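Only one structure is covered here, and it is reproduced in the block below.
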Amino acid sequence: QVQLAESGGGLVQAGGSLRLSCAASGRTFSSYAVGWFRQAPGKERERIAVINWSRRITYYVDSVKGRFTISRDNAKNTVYLQMNSLKPEDTAIYYCAADMSIVQVTTRSRYWGQGTQVTVSS
């Protein structure tokens, strides 16, 4: 019942910034928790940030804490990931995902976007 589409990826030098967008559709989207995930070649997909739309609760994995910010715009049905001070280690395909609660926003989340590529050069 929820459709997601990421955008905003690209090439950037280390220390630069990118803003990813996750556009959502679905009448019940505002009740879902949304997370950002990333997957580098040969690596497992990891959850890096989550936001609960109803209670505005957020958390981040330690590797991005202080550099990345997850936010939302309910009027636009969009979740954002502002990425600052990017490092080569951040290079990956970035996905957004949604499910009923922050506990359920895992690698087995029900709804996923197609992903957007982020490449950070050293």
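Bear in mind that the values here come from a model prediction, so they are computed numbers and not experimental data.
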Query - Within-4.5 Å side-chain heavy-atom neighbours: Thr106 and Arg47 - result: yes
Query - Nearest-0.5 Å distance that lies between atom CD in Gln39 and atom CD1 in Ile93 - result: 7.0 Å
Query - Atom pair CG (Leu20) and OG1 (Thr78), whose distance is rounded to the nearest 0.5 Å - result: 12.5 Å
Requested in this report: Hey, could you give me each pair passing side chain to side chain donor-acceptor pair (under 3.5 Å) that has a residue in residues 4-19? Not counting sequence neighbours.
Outcome: Ser17-Asn84
Query raised in the report: If you draw a 6.0 Å radius around CD in Gln82, do more than 12 non-hydrogen atoms from other residues or ligands fall strictly inside?
Result: yes
Report task. State yes or no: do Tyr95 and Tyr59 share one hydrophobic cluster built from I, L, V, M, F, W and Y residues joined by side-chain heavy-atom distances below 4.5 Å, directly or via other members? Result -> yes
Report task. Check whether any side-chain N or O of Tyr60 sits under 3.5 Å from a backbone N or O of Ile70 as a donor-acceptor pair, and report yes or no. Result -> yes
Query raised in the report: Side-chain contact, heavy-atom cut-off 4.5 Å: Asp90 with Arg38?
Result: yes
**Report entry** Phe37 ring center within less than 6.0 Å of Trp112 ring center
**Finding:** yes
Requested in this report: Classify the side-chain pair Tyr32/Arg110 by whether it contains a donor and acceptor separated by less than 3.5 Å.
Outcome: no
Query raised in the report: Can you tell me if Ser109 uses its side chain to pair, donor with acceptor, with the backbone of Tyr111 under 3.5 Å?
Result: no
**Report entry** side chain to side chain donor-acceptor pair (under 3.5 Å) involving Asp99 - partner list, sequence neighbours excluded
**Finding:** none
Report summary line: Distance col, row Leu18:CG vs Leu86:CG, nearest 0.5 angstrom, shows 5.5 Å
Report summary line: Tightest non-hydrogen contact, residues Ser122 and Ala14, listed as CA-CB, 4.4 Å
Query raised in the report: Do the non-hydrogen side-chain atoms of Val79 and Ile51 ever get within less than 4.5 Å of each other?
Result: yes
Query raised in the report: Between the side chain of Thr91 and the main-chain N/O of Thr119, is any donor-acceptor distance below 3.5 Å?
Result: no
**Report entry** Separation of Thr107 OG1 from Glu44 CD (nearest 0.5 Å)
**Finding:** 8.5 Å
Requested in this report: Give the minimum heavy-atom separation between Gly9 and Thr116, together with the two atoms involved.
Outcome: N-OG1, 3.1 Å
Query raised in the report: Could you give the distance from CG (Leu4) to OG (Ser21), rounded to the nearest 0.5 Å?
Result: 12.5 Å
Query raised in the report: Same cluster or not: are Met100 and Trp36 linked, directly or through other Ile, Leu, Val, Met, Phe, Trp or Tyr residues, by side-chain heavy atoms under 4.5 angstrom apart?
Result: yes
Report task. Return yes if some donor-acceptor pair links the side-chain N/O of Arg67 with the main-chain N/O of Ser63 below 3.5 Å, else return no. Result -> yes
Requested in this report: Work out which heavy atom in Ala40 is nearest to a heavy atom in Ala92; give both atom names and the distance.
Outcome: N-CB, 3.8 Å
Query raised in the report: Linking I/L/V/M/F/W/Y whenever their side-chain heavy atoms sit closer than 4.5 Å, directly or via other members, would Tyr94 and Val2 fall into one cluster?
Result: yes
Query raised in the report: Taking it one step at a time, do Arg72 and Tyr80 satisfy side-chain contact (heavy atoms from CB on, under 4.5 Å)?
Result: CA-CA 6 Å; Arg72 85 240 190 276; Tyr80 303 97; 6.0 Å; no
